[in-house]
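Here is the naming used below: chain letters follow the sequence lines, and residue numbers restart at 1 for every chain.
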Protein chains: 2
Amino acid sequence: MNEVFKAIADSNRRKILKLLNDGELNAGEIGQSFELTPPTLSHHLSILKAADLIRQRREGTQLIYSLNTTVMQDLAAAVFDLIPAQTTDLTTENP
Amino acid sequence: MNEVFKAIADSNRRKILKLLNDGELNAGEIGQSFELTPPTLSHHLSILKAADLIRQRREGTQLIYSLNTTVMQDLAAAVFDLIPAQTTDLTTENP
DNA sequence: CAGATAATTAGACGAATGTCGAAATAACTT
DNA sequence: AAGTTATTTCGACATTCGTCTAATTATCTG
């Protein structure tokens, strides 16, 4: 889990996650939203991948990235764990 | 918000937040849960404070720390923002 | 005021991070 | 096989980070 928190500590990486919210994208498409060189983008993607926040698959010459929603949910749970119980009142029905 | 994500990237700092979940504590009390020198602890506290995740008040010779639940909730919201809508199904009634 | 206790600030240091340019890989196309 | 396109890996570099020891500040008490 520590790796996940480190991964989302960078705003570029959080932006990548948000982009993937709307569906999978290849590396080049992701890069169009940033002013970073391809190596830097690739580095960020590899950190997100190492944290298992995203998945990668190849399609011909391009690598296509998508969110790993399972780990995203684990992250949400871990964040809630940081917050006092009464405070976290998103579900209006807690016994 | 970036400062908040940086702040929770460190596991010692997340542990501090969890400790404060159960109520306010002074610096010394927090320190008892760690094997860190007082200066290091103080440093982590100052980062949490700069991110406005915790509040500090003095009582005599000791400094007492408590959670700032407002920012904790902002954090939770920001994390949800990273996650696809359907995935985040904690509240079973979303219009 | 002098001493004790609680905690911080200052300064140093190695490790980790974000970025880049250059070189390498992978897969397709001709 | 050679060229093109997509993306990564390598190596370098400045900056930030987490930690420590030493020194300082703040508050109380005899």
Rounded off to whole Å, could you give me the CG-to-P distance for the L63(A) and dT25(C) pair? 16 Å
Of S42(A) and T61(B), the one whose closest DNA chain D nucleotide lies more 5': S42(A)
Between dA6(C) and Y65(B), is there an OP1 or OP2 to side-chain N/O distance shorter than 4.0 Å? no
Verify, without hydrogens or angle tests, whether N68(A) (side chain) and D52(A) (backbone) share a donor-acceptor contact under 3.5 angstrom. yes
Specify the separation, in whole Å, of atom NE2 of H44(A) and atom P of dT9(D). 15 Å
Per atom distances to the P39(B) side chain, the nearest of dT9(C), dG18(D), dG21(C) is dT9(C)
Between dG18(C), dC20(D), dA26(C), which nucleotide gets closest to the side-chain atoms of I47(A)? dG18(C)
OP1 or OP2 of dT19(C) sitting under 4.0 Å from any side-chain N/O of T37(A)? no
Taking CD from Q56(A) and C1' from dT25(C), how many angstroms apart are they, rounded to a whole number? 13 Å
Please confirm whether the shortest side-chain N or O distance from R13(A) to OP1 or OP2 of dG18(C) is below 4.0 Å. yes
Go nucleotide by nucleotide along DNA chain C from the 5' end; which of K6(B) and G60(A) gets its closest nucleotide reached first? K6(B)
For M72(B) and L82(A), which heavy atoms make the closest approach, and how far apart are they? CE-O, 3.0 Å
Could you tell me whether a side-chain N or O of R13(A) sits under 3.5 Å from a main-chain N or O of A7(A), the two making a donor and an acceptor? yes
S42(A) (side chain) donor-acceptor with P39(A) (main chain) under 3.5 angstrom: no
Atom CD1 of I54(B) and atom C1' of dA7(C): how far apart are they, to the nearest Å? 13 Å
Could you tell me the separation between the CG atom of N26(A) and the C1' atom of dA6(D), rounded to a whole number of Å? 8 Å
R57(B) atom CZ is separated from dA7(C) atom C1', nearest whole Å, by 16 Å
How long is the line joining CG of D10(A) and P of dT15(D), in whole Å? 17 Å
Quick check on DNA chain C: between K49(B) and H43(A), whose nearest nucleotide comes earlier from the 5' end? K49(B)
Presence of salt bridge, E24(B) and R57(B), under 4.0 angstrom: yes
Between dT7(D) atom P and I64(A) atom CD1, what is the distance in whole Å? 9 Å
To the side chain of N12(A), which of dT19(C), dA27(C), dC20(D) is closest? dT19(C)
